[in-house]
Number of protein chains: 2
Amino acid sequence: MPSATVENYLKCILMLSMECDHGEVPMGLIANSLGVTSGTATSMMKSLQKEKWLKYKSRKGVTLTSSGKKLGMRMIRRHRLLETFLVETLGLDWSEIHDEAEVLEHAISEKVLERLDVFLGNPRHDPHGHPIPTKAGIIRKSPQKTLLDCDIGKKMKVVSIFDQSTEFLNFAKKKGLMPGNMIKAISRDNLADTIELQIEKTPKFSLGLTSAEKILVSG
Amino acid sequence: MPSATVENYLKCILMLSMECDHGEVPMGLIANSLGVTSGTATSMMKSLQKEKWLKYKSRKGVTLTSSGKKLGMRMIRRHRLLETFLVETLGLDWSEIHDEAEVLEHAISEKVLERLDVFLGNPRHDPHGHPIPTKAGIIRKSPQKTLLDCDIGKKMKVVSIFDQSTEFLNFAKKKGLMPGNMIKAISRDNLADTIELQIEKTPKFSLGLTSAEKILVSG
DNA sequence: ATCACAACTTTGATTGGTCAAAGTATAGCG
DNA sequence: CGCTATACTTTGACCAATCAAAGTTGTGAT
Ligand SMILES: [Mn+2]
Ligand SMILES: [Mn+2]
Ligand SMILES: [Mn+2]
Ligand SMILES: [Mn+2]
């Protein structure tokens with residue numbers, strides 16, 4: 001019933017509302033992350049409000065209704081289960097699956113999705129380490145920090161990678177920054193804005209702080 | 001690049017041109033089998049001609065160009081490989097896969113499709129017995145007749161089922177009319193318009209001629 | 001040869017999604 | 001407190017895909 005466009009908007013708004021919690025999600029963020037002009041976003045928000053997916057406050061932003069959240073969450077589940085299928089079953093690389101899933105998520109029925117979930121053995125995380133919401137729309141989020149504010153000198157486990165771009169994912173894989181891998185922050189240099197890392201017995205390397213921010217770790 | 005709508009039109013036109021060979025495919029058939037009004041079909045044909053997918057002759061019909069045929073064939077391949085995946089891997093019933101594939105065929109990339117083909121072991125036929133075109137767009141069609149004009153008294157193998165409707169497929173399965181099964185036509189009654197069949201050792205049953213036409217057999 | 005009617009085309013309208021450009025509100029600086 | 005820069009909204013336009021209804025054509029029955 002909701003179009004692919006509506007599905008994309010709601011998934012995007014839900015993700016924005018989760019990652020940077022300002023009660024309302026402002027127009028600018030939405031337009032920006034969907035790559036549309038702000039006028040388009042505004043007019044879309046009005047029609048999404050008319051269809052009861054969200055509440056729109058002019059010049060403030062939007063908040064999802066419970067059906068909006070539910071649909072957004074369903075889209076995240078679809079996206080991440082599909083990504084898992086593409087890597088686990090078909091053997092694609094984790095750097096090429098995001099865009100594929102972005103399209104497939106709108107084409108797969110609830111029935112096929114649940115079969116896929118069973119076929120994959122009810123995975124809890126996608127290939128980038130992101131939690132897969134349950135059918136009921138619940139995310140089991142593990143405690144995590146970014147490499148920016150992790151403890152120096154302690155062993156930690158890589159939980160997930162925030163950036164979905166092919167280039168960054170290829171880079172991360174080459175460096176061994178993949179979910180599950182153990183890692184140690186050797187030192188942080190606040191003047192150079194870098195953090196020095198070591199993975200297992202491989203050589204040390206350092207990361208700028210904007211890159212470090214994209215790596216989530218635990219423990 | 002071509003929209004899902006364009007893909008549907010071209011697949012449909014290719015299938016019509018293959019099954020009932022009148023050089024040109026008339027508007028009426030197209031509009032009818034896509035469930036749009038004839039005006040819509042006419043205007044769509046003009047724009048498809050503009051984009052070089054086909055040749056349109058007013059009040060005659062359309063013929064696909066070679067790129068039109070190629071795209072149409074690619075869509076048939078996608079559709080049938082997806083149907084095979086849905087049955088073989090996810091365990092759906094052959095009566096529920098057509099509509100799912102009708103949507104997924106527009107969302108799956110060439111790369112994922114070829115991985116799927118390998119994963120499935122390069123199947124030659126979909127669950128309804130229809131041949132899957134090769135990547136190069138070639139259909140290996142086995143010699144076949146409908147149950148309407150088969151030989152009476154001879155053992156034959158069911159090749160494929162033409163009708164994609166849930167109800168007919170459920171019926172066919174119940175009767176044992178599935179690709180690969182052996183079958184014998186006991187008699188034909190031209191007054192009653194029926195044909196009497198027997199499958200292995202199960203009881204005889206008869207089929208009206210419109211139903212018989214939907215079953216393709218060989219040998 | 002005529003003509004009715006089925007098959008087709010044209011016309012004018014609608015809907016969803018989009019943009020560019022012009023207009024407006026407001027947070028926060030001075 | 002007033003003003004400006006930034007974020008947002010409005011307006012008017014466009015495109016793809018569709019329909020309903022009115023108009024046209026060509027075939028085949030008489
Ligand atoms: Mn998407
Ligand atoms: Mn992911
Ligand atoms: Mn389709
Ligand atoms: Mn089929």
Side-chain angles (χ1 to χ4, degrees), chain A residues 1-13 16-17 20-64 67-68 71-72 75 102-103 105-107, chain B residues 1-13 16-17 20-64 67-68 71-72 75 102-103 105-107:
Chain A
M1 176 141 287
S3 68
T5 307
V6 167
E7 290 179 339
N8 278 334
Y9 274 93
L10 293 177
K11 180 175 62 135
C12 166
I13 293 166
L16 290 173
S17 77
C20 42
D21 205 28
H22 326 75
E24 276 117 0
V25 180
M27 291 305 99
L29 278 184
I30 298 167
N32 206 69
S33 67
L34 286 169
V36 295
T37 62
S38 50
T40 302
T42 298
S43 79
M44 198 64 197
M45 290 313 107
K46 287 181 178 172
S47 76
L48 291 178
Q49 174 164 56
K50 208 167 289 160
E51 291 156 38
K52 302 277 175 59
W53 296 113
L54 47 75
K55 186 97 225 312
Y56 165 61
K57 278 194 198 151
S58 188
R59 301 197 127 98
K60 281 280 149 55
V62 295
T63 43
L64 295 179
S67 47
L71 181 50
M75 295 316 297
E102 202 55 58
V103 180
E105 66 189 5
H106 309 290
Chain B
M1 176 140 287
S3 67
T5 306
V6 168
E7 290 179 340
N8 279 333
Y9 274 92
L10 293 177
K11 181 174 61 135
C12 167
I13 292 165
L16 290 172
S17 77
C20 42
D21 206 27
H22 325 76
E24 276 118 0
V25 181
M27 288 308 98
L29 277 184
I30 297 166
N32 207 68
S33 68
L34 286 170
V36 296
T37 62
S38 50
T40 302
T42 298
S43 79
M44 197 66 197
M45 291 313 108
K46 287 180 178 172
S47 75
L48 290 177
Q49 173 163 58
K50 207 166 292 161
E51 290 157 36
K52 302 279 175 59
W53 297 112
L54 47 75
K55 187 98 225 313
Y56 165 60
K57 279 194 198 151
S58 189
R59 297 192 132 96
K60 282 278 148 57
V62 295
T63 44
L64 294 178
S67 47
L71 180 50
M75 294 316 297
E102 201 55 59
V103 180
E105 65 189 6
H106 309 290

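Chain letters run A, B, ... following the sequence lines, proteins first, then strands; residues in each count from 1.
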Task: Which residue lies more 5' along DNA chain C, comparing A:Ser47 with B:Arg59 via nearest heavy atoms - done: B:Arg59

Task: B:Trp53 side chain reached by B:Leu71 side chain, heavy atoms, under 4.5 Å - done: yes

TODO: Would you please confirm or rule out a distance under 4.0 Å between OP1 or OP2 of C:dC8 and any side-chain N or O of B:Ser38?
DONE: no

Task: Nearest to side-chain heavy atoms of A:Ser3, which nucleotide of C:dG17, C:dA20, D:dC8 - done: C:dG17

TODO: In whole angstrom, give the distance that lies between atom CE of A:Met44 and atom P of C:dT15.
DONE: 15 Å

- [ ] Check every strand shown and say whether B:Ser58 touches a base, only sugar-phosphate, or nothing at a heavy-atom separation below 4.0 Å.
- [x] sugar-phosphate

Open item on the list: Between C1' on C:dA6 and CE on B:Met27, what's the gap in Å once rounded to a whole number?
Closed with: 15 Å

- [ ] Would you indicate which nucleotide in D:dA20, D:dT18, C:dT18 comes nearest to any side-chain atom of A:Ser43?
- [x] C:dT18

Open item on the list: Any base atoms under 4.0 Å from B:Gly28, or only sugar-phosphate, or nothing? Heavy atoms, all strands.
Closed with: sugar-phosphate

TODO: Answer with base, sugar-phosphate or nothing: what part of the nucleic acid does A:Gly35 contact at a heavy-atom distance below 4.0 Å?
DONE: sugar-phosphate

TODO: Would you please test B:Met27 and B:Thr42 for side-chain contact (heavy atoms from CB on, under 4.5 Å) and show each step?
DONE: CA-CA 7 Å; B:Met27 288 308 98; B:Thr42 298; 4.2 Å; yes

Task: Phosphate contact (D:dT18 OP1 or OP2) by B:Thr40 side-chain N/O below 4.0 Å - done: no

Task: Under 4.0 angstrom between B:Thr5 side-chain N/O and D:dA17 OP1 or OP2 - done: yes

TODO: Rounded off to whole Å, could you give me the CG-to-P distance for the B:Leu34 and D:dA17 pair?
DONE: 12 Å

- [ ] Using a strict 4.0 Å threshold on nitrogen-to-oxygen distance, state whether B:Glu24 and B:Lys55 make a salt bridge.
- [x] no

Open item on the list: Output the rounded distance in Å from CD1 (B:Ile30) to P (C:dC8).
Closed with: 9 Å

Open item on the list: I need the CE-P distance between A:Met45 and D:dA7, as an integer number of Å.
Closed with: 18 Å

Open item on the list: With nearest nucleotide decided by heavy atoms, which residue, A:Lys60 or A:Tyr9, maps closer to the 5′ end of DNA chain C?
Closed with: A:Tyr9

Open item on the list: Distance check needed: D:dA17 C1' versus B:Glu7 CD, whole Å only.
Closed with: 15 Å

TODO: Using the side-chain contact (heavy atoms from CB on, under 4.5 Å) rule, take A:Leu16 and A:Ser33 through it: C-alpha gap first, then chi angles, then the decisive distance, then the call.
DONE: CA-CA 9 Å; A:Leu16 290 173; A:Ser33 67; 3.8 Å; yes

Task: pair A:Leu54-A:Met45: side-chain heavy atoms closer than 4.5 Å - done: yes

Task: Nucleotide C:dG16, atom C1' - distance to CE of A:Met1 in whole Å - done: 15 Å

- [ ] Using atom CD of A:Glu24 as one end and atom P of C:dA27 as the other, report the distance to the nearest whole Å.
- [x] 12 Å

